[in-house]
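Have a look at the structure below, then the notes.
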2 protein chains.
Amino acid sequence: MSEMPLQVLPPLTALRSFEAAARHGSFSRAADELCVTHGAVSRQVRVLEDWAGVALFDRVGKRVVLTNVGRRFSDKVSSAFGDIAAAARTLRADTNSTRVLTLNILPTFAMRWLLPRLSKFQFAHPQIELRLVTSDQPLERIAPGLFDVAVRRQSALEPGEFRTGIIFTEDELPVCSPAFAEAHPVRQAAEIKSLPLLVADTRAGSWDRWFAAAGESSVSNDAAFRRFDHFYLALQAAIDGLGFALGPLPLIEEDLAQGRLVAPLSGPKLSAVPYCWAVRSSETEDPAVTQFITWLEEEALNFRRSR
Amino acid sequence: MSEMPLQVLPPLTALRSFEAAARHGSFSRAADELCVTHGAVSRQVRVLEDWAGVALFDRVGKRVVLTNVGRRFSDKVSSAFGDIAAAARTLRADTNSTRVLTLNILPTFAMRWLLPRLSKFQFAHPQIELRLVTSDQPLERIAPGLFDVAVRRQSALEPGEFRTGIIFTEDELPVCSPAFAEAHPVRQAAEIKSLPLLVADTRAGSWDRWFAAAGESSVSNDAAFRRFDHFYLALQAAIDGLGFALGPLPLIEEDLAQGRLVAPLSGPKLSAVPYCWAVRSSETEDPAVTQFITWLEEEALNFRRSR
DNA sequence: CCTTCTTGTGAGTTAAACTCACATATGTCT
DNA sequence: AGACATATGTGAGTTTAACTCACAAGAAGG
């Protein structure tokens, strides 16, 4: 045949590195995800840019920012890789009798609400195997195909890359252990400014908002704050009598009921960003995913009713 | 983060080899397309089957046939690779001021109908560059992204992987040069069985069908047939006085009008499979493709009116 | 000014990908 | 039945793409 096959697909290793870098906005983070050095990602992106004859990233100092064509191209590639990942997962699932759902859950939500209930789901759906990953990474930075259902706190339910639904909302109020309350008898918001205040990096600014809602100025001495990586650590510290934490109802309702925590202050309950489930919009309806979300929403409804 | 990136994408080099092999139904043809040896394709398919834990091809002797899961998987991968190829083409086109359309055309149609007219299209659309590939390879075997518009002869216009439209239909009748007719004065179909009959591999069986339509038995002596790879070679041989060919109107109308060919027999005009244009259904609407097809259909309409 | 984090790249290493050559299976033709 | 053609499978060796290592350089933050 008088015919010349074209190289219509770009170099695929380069494409994979590019897509991860685009999604993370960082060569270093992409390298972490792909288990290579940042130098490998840098070179692969360069290979793709040479092949395409166009810059895909602008170099801003030592940071990279996607160009407009880079953004459009990476969106298409991400979508295609997502399709391939989904097809590959289905292919591999054909060899197993159970369906594995990968859940990507905020650590505090996992520790204090989901894990105690997961056995109910497993019992009801023995043919679905759950794999739990805890993370607070932004969802749009997670590779397509790396999770089936995620839980994040978010305020906007706009249509977009993800379909979402509210699980429940939270109110935050200061709590401490009974022993701590007895040792520091306080009633007014202004009074706790001099006491240790426990805060999680993942909820930065929440104390400032609480004081503002109580009509108080912010705490000026940062030394009063004890910082923790995750909120469940801060909560555990409060239970252990290390100070006040802003406890989120309903997650701490059980602790209040059991007397592990008390809420001695008369200040306001601060509305917080609701917990939501999320799935990628592009993924086709999966019965196991639907079953899990249905169960999640029913558990949340039952939970709200029992408060 | 307490998080382990999964290897959600299969090995991409293996995937590329698998997709080509699936599309061709042959490791050897896939190797030709990818410019590697068949051994490389064989190994890559094995890598993918090991990764997936499932057979993607059944080995039937020394031939391979896709399994059911292999078929489903390859359809998804082909589609995704098509999306990537299209996005890559758009990416590269951004660096050029002209749009390149790749046409994949049957050789005879290209030689005798399209090429003489392409200058009209170029003149009307100077911002669209045409790249002509001649081939009679089945379209479903051609890699996604390797052509924008194809021309093939096909009888069914079923919805499927390709959108198609009729360009024109053909009638076939025996023709020869005037010199040959003078040297062999014949009038009835039966009389030409003893004369050299020119046939193209791509139109095998057409003489049998013509004799049947004329109420005659087939030519029993195969030695009477002179075979050519392509039909335009057979036609050129007829013009050169080497025998009778089954000439397709309207492609030979100009030759008849100019006296290069004559049709001395009184036998039937045999309806043949129509010429059709085809584009992949999955590809998004491209203005250049639409413009080309509109022009093609207008030229065909004008051509039919002028007969 | 020092530290931290990020990307870029020269030089060298690793291993994935490939070729070569031969074996084997099947179909076709004489 | 044997020769030939075409296809895939694979051992052994080669090639080179991909990668690591180590360092340089730019920017931000304390």
Side-chain angles (χ1 to χ4, degrees), chain A residues 1 5 7 9-51 55-67 70 74 137 141 201 204 222-223 225 227, chain B residues 1 5 7 9-52 55-67 70 74 137 141 201 204 222-223 225 227 229:
Chain A
M1 274 354 140
Q7 177 69 14
L9 286 175
L12 293 175
T13 304
L15 205 60
R16 188 187 63 172
S17 291
F18 162 70
E19 190 273 335
R23 190 165 19 86
H24 288 284
S26 157
F27 289 7
S28 300
R29 287 207 198 94
D32 288 341
E33 179 180 302
L34 299 174
C35 303
V36 299
T37 63
H38 77 273
V41 173
S42 180
R43 290 190 203 282
Q44 290 295 346
V45 169
R46 177 68 63 186
V47 162
L48 187 59
E49 287 178 322
D50 288 347
W51 179 87
L56 298 169
F57 288 97
D58 284 325
R59 274 69 173 178
V60 183
K62 282 299 180 192
R63 295 303 191 266
V64 294
V65 179
L66 273 171
T67 60
S74 72
Q137 189 175 19
R141 287 222 176 127
D201 291 340
D222 262 15
F225 291 114
R227 297 183 181 282
Chain B
M1 278 346 145
Q7 178 70 13
L9 286 174
L12 295 175
T13 304
L15 204 61
R16 190 189 61 171
S17 290
F18 162 70
E19 190 274 333
R23 189 164 22 84
H24 288 284
S26 158
F27 288 9
S28 301
R29 285 206 198 95
D32 287 342
E33 178 180 304
L34 298 173
C35 302
V36 298
T37 63
H38 77 273
V41 172
S42 179
R43 289 192 205 279
Q44 291 296 344
V45 168
R46 178 67 64 188
V47 162
L48 188 59
E49 287 177 322
D50 288 346
W51 179 88
L56 299 169
F57 288 96
D58 284 325
R59 274 69 174 176
V60 184
K62 282 301 182 195
R63 295 296 192 269
V64 292
V65 178
L66 274 171
T67 59
S74 71
Q137 189 175 20
R141 286 223 177 126
D201 290 339
D222 260 14
F225 292 114
R227 297 181 184 281
D229 284 11

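Lettering of chains follows the sequences in order, A, B, ..., and the numbering in each one begins at 1.
When the nucleotides dG10(C), dG8(C), dA7(D) are ranked by their closest atom to the side chain of Arg43(A), dG10(C) comes out on top. Comparing atom distances between the Lys62(B) side chain and each of dG11(D), dT7(C), dG9(D) picks out dG9(D) as nearest. When the nucleotides dT10(D), dC19(D), dC18(C) are ranked by their closest atom to the side chain of Arg16(B), dC18(C) comes out on top. Ranking dT8(D), dC19(D), dG9(D) by closeness to the Ala40(A) side chain, first place goes to dC19(D). Counting only heavy atoms from C-beta on, Arg59(A) has its side chain closest to dT7(C) among dT7(C), dC19(D), dG9(D). For Ser26(A), taking side-chain heavy atoms from C-beta onward, the closest of the listed nucleotides dT6(C), dT8(D), dG8(C) is dT6(C). Of the candidates dT6(C), dG9(D), dA17(C), dA17(C) carries the atom nearest the Gln44(B) side chain, counting heavy atoms from C-beta on. Of the candidates dT10(D), dT7(C), dA7(D), the closest approach to any side-chain atom of His38(B) belongs to dT10(D).
To the nearest angstrom, C1' of dT8(D) lies 17 Å from CZ of Phe18(B). Asp32(A) places its CG atom 12 Å from the P atom of dC5(C), with the value rounded to the nearest Å. The separation between Arg29(A) atom CZ and dT7(C) atom C1' is 14 Å, rounded to whole Å. The nearest whole Å value for the distance from the CG atom in Leu15(A) to the P atom in dA18(D) is 12 Å. Taking atom CZ on Phe57(A) and atom P on dG26(D), their separation rounds to 21 Å, with Å as the unit. Following rounding to the nearest Å, Glu49(A) (CD) and dT7(C) (C1') show an atom-to-atom distance of 12 Å. Per the geometry, CG belonging to Asp50(B) stands 13 Å off P belonging to dA16(C), to the nearest Å. In this structure, the CZ atom of Arg46(A) is 11 Å from the P atom of dG10(C), given to the nearest Å.
Of the residues near DNA chain D, Thr13(A) and Arg63(A), the one whose nearest nucleotide (by heavy atom distance) lies more toward the 5' end is Thr13(A).
When all heavy atoms are compared, the tightest approach of Leu56(A) to Leu66(A) is O-CD2, 3.4 Å. For Arg59(B) against Phe27(B), the heavy-atom pair with the smallest separation is NH2-CZ, 4.1 Å. Closest of all the heavy-atom pairs between Ala55(B) and Thr67(B) is O-OG1, 3.1 Å.
Taking side-chain N and O atoms only, Ser42(A) has no distance below 4.0 Å to OP1 or OP2 of dT7(C).
Atom CD of Glu19(B) is separated from atom CG of Leu34(B) by 8.5 Å, given to the nearest 0.5 angstrom. Here the OG-CD distance, from Ser17(A) to Glu33(A), works out to 10.0 Å after rounding to the nearest 0.5 Å.
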